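Everything numeric in this text was worked out from a predicted model, so none of it was measured. Each chain gets a letter, A, B and so on, in the order its sequence line appears, and its residues count up from 1. All values below were derived from every heavy atom in this structure, side-chain atoms included, with hydrogens, water molecules and symmetry-related copies excluded.
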Number of protein chains: 2
Amino acid sequence: MNNNHAPKVERSTRQRAAIREAIEQAGRPLLAQEVLELAGLHVPRLGIATVYRNIKVMVEEGAIKQVLLPGENPRFELAGHDHHHHFQCNACQKVFDIHSCPSDLGNLAPKGFKVESHDLTLYGRCKDC
Amino acid sequence: MNNNHAPKVERSTRQRAAIREAIEQAGRPLLAQEVLELAGLHVPRLGIATVYRNIKVMVEEGAIKQVLLPGENPRFELAGHDHHHHFQCNACQKVFDIHSCPSDLGNLAPKGFKVESHDLTLYGRCKDC
DNA sequence: ATTGCTGCAAAAAATTTGCACGAAA
DNA sequence: TTTCGTGCAAATTTTTTGCAGCAAT
């Protein structure tokens, strides 16, 4: 018998390219809404559902990474950066990467708790505000 | 003329008491849904809208504090704890307070960025999992 | 010619709000 | 009795899903 389930091949569409480029060129994590606005400049009638569907595929591929900040909707940035954290400006709300990391976090938790990972967000004024 | 706008007085209702007690007795930050379930044990037909409305009032009074973790719905805990952080268990998803804090975070941000505050979440196994 | 991809609208999930009635003061 | 608080349902907001037609292969 032939179990040749053709491995699903991705097609290259204008919307997919525009969405990828928006995220690539932003240089900072973008909200789905921001991706729509930026990619929409190049693809009239681009729908938010298409943005979400493509973002999901790109996350699964490992091309982009979801950036979750406390109380914020998810943002998305290019993967490939190594372990890092984020800074959110209290004035413009934009989020920037921080490429350093405090080290001694494993011993902050009480006895019996095992720390496996961590997540740090800094807040303040970005260099433009 | 008399500008005596009577300062709005809060009434004490069964639902308000039950909601306050649920949060007081939990000992850890609770989701709105968890507050509903716990307080609902003492107040049949308690509605989720009442939970949200009372939570909002209690936050404005300063009685409780909103706890926001990345990618999670808001939780609520008693105020009065001083600056602290949180630990979320990767197994049971529950959130616990961490009463220690790394110090040297002010200099992690790039030049031109001023750090005013921070938010840290640790992940791992809680002592029961 | 297939069949994945898209736009649009409807569905979900979490939270907020409008309204009429019940209850605290 | 006055008016705040509650329950219920409808509205919002963000994200997901169903579906018919378009387009990439």
Side-chain angles (χ1 to χ4, degrees), chain A residues 2 4-23 29-61 63-76 93 95, chain B residues 2 4-23 29-61 63-76 93 95:
Chain A
N2 184 347
N4 255 356
H5 297 237
K8 192 183 296 184
V9 176
E10 275 178 32
R11 297 180 180 180
S12 67
T13 64
R14 288 183 310 132
Q15 19 286 87
R16 183 157 294 175
I19 290 167
R20 174 169 282 123
E21 282 162 24
I23 296 174
L30 297 181
L31 297 165
Q33 190 57 42
E34 294 176 309
V35 174
L36 175 65
E37 285 157 13
L38 289 173
L41 294 176
H42 302 86
V43 182
R45 13 203 54 261
L46 176 62
I48 188 68
T50 298
V51 171
Y52 277 111
R53 279 185 286 233
N54 277 284
I55 281 176
K56 173 175 286 185
V57 169
M58 292 166 72
V59 168
E60 286 164 358
E61 290 173 356
I64 65 176
K65 241 186 50 181
Q66 198 176 26
V67 174
L68 296 171
L69 300 199
E72 296 282 302
N73 294 329
R75 289 176 170 80
F76 303 90
Q93 313 306 321
V95 173
Chain B
N2 184 348
N4 254 355
H5 298 237
K8 193 182 295 182
V9 176
E10 275 178 31
R11 297 179 180 180
S12 68
T13 63
R14 288 183 309 133
Q15 19 287 85
R16 185 158 292 175
I19 290 168
R20 176 168 281 122
E21 282 162 23
I23 296 175
L30 297 181
L31 297 165
Q33 191 56 44
E34 293 177 308
V35 174
L36 175 65
E37 285 157 13
L38 289 173
L41 294 176
H42 302 87
V43 182
R45 18 210 35 265
L46 177 61
I48 189 67
T50 297
V51 170
Y52 278 112
R53 280 187 285 233
N54 277 284
I55 280 176
K56 173 174 286 185
V57 169
M58 293 166 71
V59 168
E60 286 164 357
E61 290 174 354
I64 66 176
K65 242 185 51 181
Q66 197 176 27
V67 174
L68 296 171
L69 300 198
E72 296 282 302
N73 294 329
R75 289 175 170 81
F76 303 91
Q93 313 305 321
V95 173

So does B:Gln33 get a side-chain nitrogen or oxygen closer than 4.0 Å to the phosphate oxygens (OP1/OP2) of C:dA13?
->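 So the side chain of B:Gln33 is outside the cut-off, no N or O lying under 4.0 Å from OP1 or OP2 of C:dA13.
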Rounded distance [0.5 Å steps], CD in A:Glu34 versus CZ in A:Phe76 =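 The CD atom of A:Glu34 sits 11.0 Å away from the CZ atom of A:Phe76.
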Given atom [atom1] of [X] and atom [atom2] of [N], what is their separation to the nearest angstrom?
X	N	atom1	atom2	result
A:Leu30	D:dT15	CG	P	13 Å
A:Glu34	D:dT14	CD	C1'	14 Å
B:Glu72	C:dA13	CD	P	17 Å
B:Gln66	C:dA14	CD	P	16 Å
A:Asn73	D:dT12	CG	P	18 Å
B:Leu36	C:dA14	CG	C1'	13 Å

So which heavy atom on [X] is nearest to which on [Y], and how close?
X	Y	result
B:Glu10	B:Val57	OE2-CG1, 3.3 Å
A:Arg14	A:Val43	O-CG2, 4.0 Å
B:Ile55	B:Ile64	O-CD1, 3.9 Å

Quick one: are A:Asn73 and A:Gln33 in side-chain contact, heavy atoms under 4.5 Å?
->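 They are not in side-chain contact.
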Where along residues 42-61 of chain B does a heavy atom come under 4.0 Å from DNA chain D, residue by residue in number order?
-> B:Arg45, B:Leu46, B:Gly47, B:Ala49, B:Thr50, B:Arg53, B:Asn54
Indicate yes or no for a side-chain donor-acceptor contact from B:Arg75 to the backbone of B:Leu68 under 3.5 Å, with no hydrogens or angles considered.
-> no
Run the salt-bridge test on B:Glu61 and B:Arg20 with the 4.0 Å N-O cut-off and return the result as yes or no.
->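 Looking at B:Arg20 together with B:Glu61, the answer is yes, because their closest N to O distance falls below 4.0 Å.
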Output all residues satisfying salt bridge (Lys or Arg N to Asp or Glu O under 4.0 Å) with A:Arg53, sequence neighbours left out; order by chain, then residue number.
->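 With sequence neighbours excluded, A:Arg53 shows a salt bridge (Lys or Arg N to Asp or Glu O under 4.0 Å) to no residue whatsoever.
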Within the sub-3.5 Å range, which N or O atoms of nucleotides 21-25 of chain C have a protein N or O partner, and how far apart are they?
| unit_1 | atom_1 | unit_2 | atom_2 | d |
| --- | --- | --- | --- | --- |
| C:dA24 | N3 | B:Arg11 | NH1 | 3.3 |
| C:dA25 | OP1 | B:Ser12 | N | 3.4 |

